[in-house]
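These notes concern the structure reproduced below.
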Amino acid sequence: ASSLEDKMSRWEATEEEQRASTLGGNLPLIGMPGLPGRVTRTDQPEKLDGFDIGMNLSGLVLFPLAVLLATVPFWIGSVDVGEVGPPPMS
């Protein structure tokens, strides 16, 4: 039985092998439950790839739009819409 356990333990990937096989080296749910993986990781990424740049750019665009959308109920009543509407019928 121990030889089977030894054989199965050799099949397990080490943490370095798991990180090498993932996109960006991030393992899902590392340190969970508890602190997020970025806080508990010992090897912080030092370079940005295309995915990181795309996420940052989309955040720069989408965050202000989300804030604007969330605040619409507070300022929509002050928008003058009296001049907007269908043309007069006569």
Side-chain angles (χ1 to χ4, degrees):
S2 66
S3 64
L4 178 61
E5 290 174 3
D6 293 339
K7 189 181 215 182
M8 289 176 62
S9 68
R10 287 191 301 246
W11 295 339
E12 296 291 327
T14 64
E15 186 173 343
E16 292 80 21
E17 291 171 336
Q18 289 176 347
R19 287 194 189 281
S21 66
T22 60
L23 180 62
N26 296 326
L27 294 179
L29 302 177
I30 289 297
M32 298 299 278
L35 296 174
R38 181 168 285 283
V39 176
T40 59
R41 284 182 60 179
T42 58
D43 59 335
Q44 295 294 325
E46 298 173 356
K47 58 184 179 179
L48 292 176
D49 57 2
F51 179 77
D52 294 329
I53 293 170
M55 290 297 286
N56 287 327
L57 288 176
S58 66
L60 288 174
V61 172
L62 292 176
F63 181 74
L65 289 175
V67 169
L68 182 71
L69 184 65
T71 61
V72 165
F74 300 107
W75 53 263
I76 195 65
S78 63
V79 176
D80 182 20
V81 291
E83 300 290 328
V84 182
M89 298 305 288
S90 57

**Report entry** Smallest separation among heavy atoms of Glu17 and Glu12, with atom names
**Finding:** OE1-O, 4.2 Å

For residues 62-76, run the donor-acceptor check on the side chains, cut-off 3.5 Å, and write out each pair with its distance to 0.1 Å, sequence neighbours left out.
residue: Thr71; atom: OG1; partner: Val67; partner atom: O; Å: 3.1
residue: Thr71; atom: OG1; partner: Leu68; partner atom: O; Å: 3.0
residue: Thr71; atom: OG1; partner: Trp75; partner atom: NE1; Å: 3.1
residue: Trp75; atom: NE1; partner: Thr71; partner atom: O; Å: 3.1

Report task. Tell me, please, which residues at least two apart from Glu83 pass side chain to side chain contact (heavy atoms under 4.5 Å, CB included). Result -> none

Report summary line: So the side-chain hydrogen bond (donor to acceptor under 3.5 Å, both in side chains) pairs with at least one residue in residues 58-68 (sequence neighbours excluded) are none

